[in-house]
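To start, the structure under review is shown below, and the notes come after it.
Reminder, nothing fancy here: chain letters follow the sequence lines and each chain counts from 1. Reckoned from all heavy atoms, side chains included, excluding hydrogens, waters and symmetry mates.
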Protein chains: 2
Amino acid sequence: MSEMTVSRVLRNRGDVSAATREKVLTAAKTLGYVPNKIAGGLASQRVNLVAVVIPSLSNLVFPDVLGGISAELDDTGLQPVIGVTNYSPAREEMVLYDMLSWRPSGVILAGLEHSKASCAMLGNAGIPVVEIMDIDGEGIDTLVGISHIRAGREMAARIIAAGYRRIGFVGTHMPEDHRARKRLVGFEECLAEAGLHLEAREYYQGGSSLLKGRELTQRILTRAPDLDFLYFSNDMIGAGGLLHCLDKGYDISGQIGLAGFNGVDLLDGLPVRLTTTDARRVEIGRRAARIVAGKDITPPDRIVALQPTFIAGETIREIKP
Amino acid sequence: MSEMTVSRVLRNRGDVSAATREKVLTAAKTLGYVPNKIAGGLASQRVNLVAVVIPSLSNLVFPDVLGGISAELDDTGLQPVIGVTNYSPAREEMVLYDMLSWRPSGVILAGLEHSKASCAMLGNAGIPVVEIMDIDGEGIDTLVGISHIRAGREMAARIIAAGYRRIGFVGTHMPEDHRARKRLVGFEECLAEAGLHLEAREYYQGGSSLLKGRELTQRILTRAPDLDFLYFSNDMIGAGGLLHCLDKGYDISGQIGLAGFNGVDLLDGLPVRLTTTDARRVEIGRRAARIVAGKDITPPDRIVALQPTFIAGETIREIKP
DNA sequence: ATGAAAGCGCTAACAT
DNA sequence: ATGTTAGCGCTTTCAT
């Protein structure tokens, strides 16, 4: 029996008689044969991999996105391969270079801001490229995400409508976290339109944790004790802030309101539910994967805009009707 | 100039004059050339990938392990490729099959319990295989981890020494979470040796969250109101239990003690610090990566046993001297 | 339904 | 320091 027949059986391609098929399968099993995809990929010029490039795994956001991607790729024969950039454009460039050298069937990558070389590589790759999370800017091929500017604006509008006026911000100071930056831009724009401005800011570097949220909140409230609202750049920091305020006996939502961002349900059991915005993480992963897999057609404008949705929680006053 | 010279430049191999080297590099850059690793791998019979197979990304444990692996592989030219099994041996088998078909340089995978076919594949692969997290059992090649039986025993011993006697357990009921199972085995063994036994158990399925921890704690304390200690199978569930007990006004550590497992620092800012065991996640990742990369020699017994370390926290009584 | 031949894009090994 | 040749293990294509 030729190797050709074996190849046909193992890929369920072409006509093979049930008898030989059976023989090949059992032989492969007993020999513990694992086909060599390197040779296969070289011969067929196709590889069932999708490169997924994200900034971090410890940020609770990305496991959710990956979950959406996996779920949607599961029945397509495509496999995600994850690369992590640590929010460094230089590292992103290296990761992309490495991944593209494997000639994947598509690329999903977080964010719109990439080095010139990265953009060139992606443009020349001749494969679907889906940039996710953010839609405020120019894309290379297709975008799937939410407008963080809008998310920031909407939260500001809710806060103002609820009557808060002395507002502070606590967030990351990573120049490379463009989405956090855009949320703040939208937030401040909306404040400005209402004749308001941020009364205080507190920035931090590195990962987010409850403890950091506590410390920063303590610090900003020491510096600016008369704040009546704090907008945090994510839920983990926000939850830390919430715990601090509970500790200190603040009247949450009355004396001081709080809001985070993301809508991570890991934190649902806190003593008070944090007001936040659902960033539609799983859905973003799903839609991106569907496009790469060719399950969805790309919209004409090449943008899939999902809507960030407000989660009221209990740390903001209700708006009187 | 032959393609061979180009190949040499791009891999920094063999002697190439500085002049031609320069020429090749600029040409590659302007053309946006990305070498084809599929062809390269086939020709050289070597591929700079390390397969990393883990059960889940949403479990806070694994991003930490991956962090350790990445950090240690960073300067080796090796690249981790992550596969997720969702705690399913069948899925693990598929993931392994897929990954091995790319002929990686090594495999790091969580746990010691694998399907027969998985073991056969790994045994035949002819590459370093490091099983991580757990050392209670037989390995295929090399093990790096902690003894969960011992971790369970040690926590039980501390709890008993602190004077608690009516002890309950809250944990996952996933038959495939062998490490949680082994901790419980060790825990109960130690109780039995002291003439004690678990007074109540509460199991759950699916992922862990603060909310689930609250609900389960409420339930177990309703059924068995006179418990004086709760051992949780992880910190997230334990933190939920802690929040519930705080809510209900329990005297934490006095009236009821609590302990989790893992030592995740994300939760450090809780109102009361949870007693737990540090599972040495980052170190496990590092050591496994060092072995796969050939930085460390494998110990003669093929086991790298790390010590789970007790973190006292504030939810257990201090032992009187 | 099965087989034979060519070749995918590189690199190892051996010239020069 | 640079070039030549063969071949990695498959799949594509074309025969039979």
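- At C:dA1, none of the side-chain N or O atoms of A:Thr5 fall inside 4.0 Å of OP1 or OP2 (strictly under the cut-off).
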Inset, instruction - Verify side-chain contact (heavy atoms from CB on, under 4.5 Å) between A:Lys182 and A:Asp134, making sure each step is shown before the conclusion. - result: CA-CA 9 Å; A:Lys182 288 173 186 175; A:Asp134 184 4; 2.5 Å; yes
Inset, instruction - Show your reasoning for whether side-chain contact (heavy atoms from CB on, under 4.5 Å) applies to B:Leu57 and A:Phe62. - result: CA-CA 9 Å; B:Leu57 279 174; A:Phe62 295 104; over 6 Å; no
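- B:Ser17 comes within 4.0 angstrom of the backbone, heavy atoms only, and of no base.
- Residue contacts for B:Arg46: at a heavy-atom cut-off of 4.0 Å it reaches the sugar-phosphate backbone alone, with no base atom in range.
- Overall, the helix from C:dA1-D:dT16 to C:dT16-D:dA1 carries an axis bend of 30° between its ends, with five pairs at each end and the value rounded to 10°.
- Side chain of A:Arg280 to main chain of A:Gln307: a donor-acceptor pair is present (N/O by atom type, distance under 3.5 Å, no hydrogens or angles).
- Counted by atom type alone, B:Tyr87 and B:Asn59 present one or more donor-acceptor pairs between their side chains at under 3.5 Å.
- Atom C1' of nucleotide C:dT2 and atom NZ of A:Lys23 are separated by 12 Å, given to the nearest angstrom.
- Looking at heavy-atom distances under 4.0 Å, A:Arg13 makes no contact with the nucleic acid at all.
- B:Thr20 and B:Ser17 are linked by a side-chain donor-acceptor pair at a separation below 3.5 angstrom, with hydrogens and angles left out of the test.
- The side chain to side chain contact (heavy atoms under 4.5 Å, CB included) test with B:Leu109 is passed by exactly one of B:Val52, B:Ile132, B:Val129, B:Ile54: B:Val129.
- The nucleotide range of DNA chain D contacted by chain A, defined by atoms under 4.0 angstrom from heavy atoms of the protein and reported 5' to 3', is D:dG9 to D:dT12.
- In plain terms, the two heavy atoms of B:Arg103 and A:Val34 that are nearest each other are NH2-O, 2.7 Å.
- B:Asp15 has no carboxylate O lying under 4.0 Å from a charged side-chain N of B:Arg8, or vice versa, which leaves the two without a salt bridge.
- B:Ile38 and B:Asn36 make their closest contact through N-OD1, 2.8 Å (heavy atoms, listed as atom of the first residue, atom of the second, distance).
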Between the protein and nucleotides 6-10 of chain C, which nitrogen or oxygen pairs come in under 3.5 angstrom?
residue	atom	partner	partner atom	Å
C:dC8	O3'	A:Gln45	NE2	3.1
C:dC8	O2	A:Leu42	O	3.4
C:dC8	O2	A:Ala43	N	3.2
C:dG9	N2	B:Ala39	O	3.1
C:dC10	OP1	B:Tyr33	OH	2.7

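- Atom P of nucleotide C:dA15 and atom CG of B:Asp15 are separated by 18 Å, given to the nearest angstrom.
- A side-chain donor from one of B:Arg183 and B:His148 sits under 3.5 Å from a side-chain acceptor of the other.
- Between B:Lys295 and B:Asp75, at least one side-chain N (NZ, or NE/NH1/NH2) sits under 4.0 Å from a carboxylate O, which counts as a salt bridge.
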